[in-house]
Amino acid sequence: MLEEKVQKNFLEEIIENDLKEGKVKAIQTRFPPEPNGYLHIGHAKSICINFGLAQKYGGKTNLRFDDTNPVKEDTEYVDSIKEDIKWLGFNWAIERYASDYFEQLYQWAIELIKKGKAYVDDQTNEEIRLNRGTVTSPGKDSPYRNRSIEENLQLFEQMREGKFADGEKTLRAKIDMAHPNMNMRDPIMYRIIHTSHHRTGDKWCIYPMYDYAHGESDSIENITHSICTLEFDIHRPLYDWFIEQLGIFPSHQYEFARLNITNTVMSKRKLLQLVKEGYVKGWDDPRMPTICGLRRRGYTPESIRNFCEDIGVAKRDNLIDYSRLEGSLRDDLNKRADRVMGVLHPIKLIIDNCPDDFVDELEAVNNPEDESKGTRKITFSNTLYIEADDFMEDAPKKYFRLTPGQEVRLRYAYIVKCTHCDKDENGNVIAVHCTYDPASRGGNATDGRKIKGTIHWVNAKDCVNAEVRLFDRLFDAEIPDKVEEGKTFLDNLNPNSLTVLKNCKMEKAVIGAEHLKKYQFERLGYFSVDYDSTKDYLVFNRTCTLKDSWAKQK
RNA sequence: UGUCCUAUGGUGUAAUGGUAACACAACUGAUUUUGGUUCAGUCAUUCAUAGUUCGAAUCUAUGUAGGACAACCA
């Protein structure tokens, strides 16, 4: 893990080559989110690639908001995006907005009109669509395609001045209506939108389209490597065309395959729908694949970065198993999370040969992976809580926990031997009885006998209550979007993705833990303190379970 | 019925004409006061066919499969 990675991905290959051949002196990348939603794990991959590459090769990365569509964008999203990038551990060189370049873009549009490379079209939305043709048949020229330069100039100026209603006119690049690539069939450069913009207010009523704004913004910022996802591959000829016609700094676009993860959806539109229609409790619901959701769930920035590094970068479609993300998380938290004992489904364990006034204080290790984390004291009495499934009246032979006649070790405490259990009138186990071996203090048998099982516990006499939220996959289906006719991804929602336990028992060490503090509850998993947690009412999110080879064996 | 992209173990990613490698998962076994961690071991005739070559995962051709593209979205 520490050794230098020798395998280079195709982007590193390209960059090293450009640097070696002197095509660029230093690399400059950018991360270009549209402020119309919250960032998700797929964006994290893009962020890691863009910032990571620049870091690795001594270049810089700009943050540029692609805010060319005022009807969808909002400052709420700008703020969350910046917060998430910082939280992931990256710093941008400069913060820019495509809207910063509206005037320059406008001037360049005039330049293209003057060169006879752009024209104002009066066709309606419908007409434009019809005349564009299809992927298998060519389009038809607009009747307005051959207007004079003077007329185009005048009309375009009037568009800017607000002389026309939304949709009445567009500015189009004059390329080729029969081009096999649909993007080259006289793409729209500007449309009229009389909507106030989150940054420019009502200064503009014409807004540039992505294809025109993006490459030109890259060029203005001297972006050397403009890295995006595969679906923009087909836009590259247009990206290059604008830059070439304008004769400006030649940024180049490179495409990689976007991240897909099992049992989750990654489209901003669908995530927005989940939030708006109340299927989750917000953008930062711990079941969401958003950065803020993962953060609240208990993920660390390191684990997300390691995950993105692990999955690599290439151009073929991929589907990463969700457990891979959990693997990166466990890897990180195993080294860093303090251990603590907590019981999710408590039942009483009564030690019959232990006096009622018996009090003992034992020493527990905070993190076996990190000695510097030290130890803490835990208290012990004759009445404890243990996990309900750590007792079975009729147990299979390989069950190493409590069952009548069997000995187990109470972690850091004593060896106990199960004797019997109490049941209510319905036959449910309500308490387990045992005797303890006073000589085994700390957990070691004096006669050297082997104890197979060790279970966690808390002292019923001084533990604290806590709420614990358990999460399961938000979607049952591996690919939620793969649905039969007439169904949607919503039909694949897992109705049991959230379980709230309100009667959990924790050792006192967790009192006062700040939000987002991470623990490993021994034998159970990793847990993070939720934002809803207060001094008087503890709330934990289970980030993920520990690997459980016993569950598989069963 | 077009153009473009892609195809290597269960999942990802390497191998840049010269012995198919690494990680994760899975499965064995060892260690273990977390059924965790850790350690050791096992797990592929590179989508198909034909060709070029002393030699092909890599180059060529033809298929096949998957994906993208017909928003005044990005």
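Protein chains get the first letters and strands the later ones, always in sequence-line order, with residue 1 at the start of each. Everything quoted here is computed from the prediction, not taken from an experiment.
Aromatic pair A/Phe540/A/Phe521: centroids less than 6.0 angstrom apart. Ring centroids of A/Tyr212 and A/Phe242 are separated by less than 6.0 Å, placing the two rings close together. Checked against the 6.0 Å centroid criterion, the rings of A/Phe102 and A/Tyr207 qualify as a close aromatic pair. Annotation: A/Tyr414 is in aromatic contact with A/Phe380 [ring centroid separation under 6.0 Å].
Residue contacts for A/Gly327: at a heavy-atom cut-off of 4.0 Å it reaches no nucleic acid atom on any strand shown. Within the nucleic acid shown, A/Asn444 comes within 4.0 Å of at least one base atom, counting heavy atoms only. If you check every strand for non-hydrogen atoms under 4.0 Å, A/Thr124 touches a base. As judged by a 4.0 angstrom heavy-atom cut-off over every strand, A/Val365 is placed among residues making no nucleic acid contact. Note on A/Ser137: nothing from the nucleic acid sits closer than 4.0 angstrom, heavy atoms only. A/Glu126 comes within contact range of no nucleotide atom at all, as no heavy-atom separation falls under 4.0 Å.
With a 6.0 Å cutoff to the six-membered ring centre and a 45° limit on the axis angle, A/Arg160 counts as a cation-pi contact of A/Tyr106. A cation-pi geometry, defined here as NZ or CZ lying under 6.0 Å from the six-membered ring centre and within 45° of its normal, holds between A/Arg199 and A/Tyr97. Relative to the six-membered ring of A/Phe489, A/Lys270 meets both conditions, a distance below 6.0 Å and an angle of at most 45° to the axis.
Taking atom NE2 of residue A/His214 and atom P of nucleotide B/rA71, one finds them 21 Å apart after rounding to whole Å. In this entry the distance linking OH of A/Tyr212 with P of B/rC72 reads 18 Å, nearest Å. Here the P atom of nucleotide B/rC4 and the OH atom of A/Tyr254 are 20 Å apart, to the nearest Å. Atom OH of A/Tyr412 and atom C1' of B/rU32 are 12 Å apart (whole Å). Here B/rC5 presents its P atom at 14 Å from CD of A/Gln253, a figure rounded to the nearest Å. When the P atom of B/rG12 is taken as reference, atom CG of A/Asp310 falls 14 Å away, rounded to whole Å. In this structure, CG of A/Leu325 is placed 15 Å from P of B/rG12, rounded to the nearest angstrom. Atom pair A/Asp122:CG and B/rC72:P shows a separation of 16 Å (rounding to whole Å applied).
A side-chain donor-acceptor contact under 3.5 Å links A/Gln123 and A/Ser142. If you check the side chains of A/Glu231 and A/Thr229, you find a donor sitting under 3.5 Å from an acceptor. There is a side-chain donor-acceptor pair under 3.5 Å between A/Arg30 and A/His214. For the residue pair A/Gln253/A/Glu255, the side-chain donor-acceptor check at 3.5 Å is satisfied.
Listed here is the closest heavy atom pair of A/Arg330 and A/Lys547: NE-N, 3.8 Å. Between A/Ala118 and A/Asn152, the closest heavy-atom pair is O-ND2, 3.9 Å.
Taking a pair as Watson-Crick or G-U wobble with both distances under 3.5 Å, RNA chain B forms stems of 3 or more consecutive pairs at B:2-7 with B:64-69, B:10-13 with B:21-24, B:26-30 with B:38-42, B:47-51 with B:59-63.
Among residues two or more places apart in sequence or in another chain, the salt bridge (charged side-chain N to carboxylate O under 4.0 Å, His left out) test is passed with A/Asp360 by A/Arg441.
Identified under the salt bridge (Lys or Arg N to Asp or Glu O under 4.0 Å) test for residues 167-189 of chain A, with sequence neighbours left out: A/Asp121-A/Arg172, A/Asp122-A/Lys169, A/Arg145-A/Asp186.
Taking atom C1' on both nucleotides, B/rU1 is separated from B/rG18 by 43 Å, rounded to a whole Å. Comparing the same atom, C1', in B/rG66 and in B/rA48 gives a spacing of 15 Å after rounding to whole Å. Separation of the C1' atoms belonging to B/rG17 and B/rU53 is 9 Å when rounded to the nearest angstrom. Rounded to whole Å, the P atom of B/rG36 lies 24 Å from the corresponding atom of B/rC43. Taking atom C1' on both nucleotides, B/rA68 is separated from B/rA74 by 15 Å, rounded to a whole Å. When the C1' atom is used for both B/rC59 and B/rG9, the distance is 25 Å, rounded to whole Å. Atom C1' of B/rA71 sits at a distance of 37 Å from the matching atom of B/rU8, rounded to the whole Å. Here the separation of B/rC72 from B/rG2, taken at their P atoms, is 25 Å to the nearest Å.
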Problem set entry | Where protein sits on nucleotides 34-40 of chain B, one letter per nucleotide: B base, S sugar-phosphate only, - none, heavy atoms under 4.0 Å | BBBS---
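Checking B/rG2, B/rA74, B/rU13 against the side-chain heavy atoms of A/Gln7 singles out B/rU13 as nearest. Nearest nucleotide to the side chain of A/Asn125, out of B/rU1, B/rC72, B/rA14: B/rC72. When distances are taken from the side chain of A/Lys315 to each of B/rA74, B/rU6, B/rG12, the shortest belongs to B/rU6.
A salt bridge is defined here as a Lys NZ or Arg NE, NH1 or NH2 lying under 4.0 Å from an Asp or Glu carboxylate O, and A/Arg96 with A/Glu221 fails to meet this definition.
Comparing A/Ile193 and A/Lys45 by the nucleotide of RNA chain B whose heavy atom lies nearest to each, the residue mapping closer to the 5' end is A/Lys45.
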Which atom pairs link the protein and nucleotides 62-70 of chain B when you take only N or O atoms and keep those under 3.5 Å?
{"unit_1": "B/rG67", "atom_1": "O4'", "unit_2": "A/Asp317", "atom_2": "OD2", "d": "3.2"}

Which atoms of nucleotides 7-10 of chain B (N or O only) lie under 3.5 Å from a protein N or O atom, and what are those distances?
{"unit_1": "B/rU8", "atom_1": "O4", "unit_2": "A/Arg316", "atom_2": "NH2", "d": "3.4"}

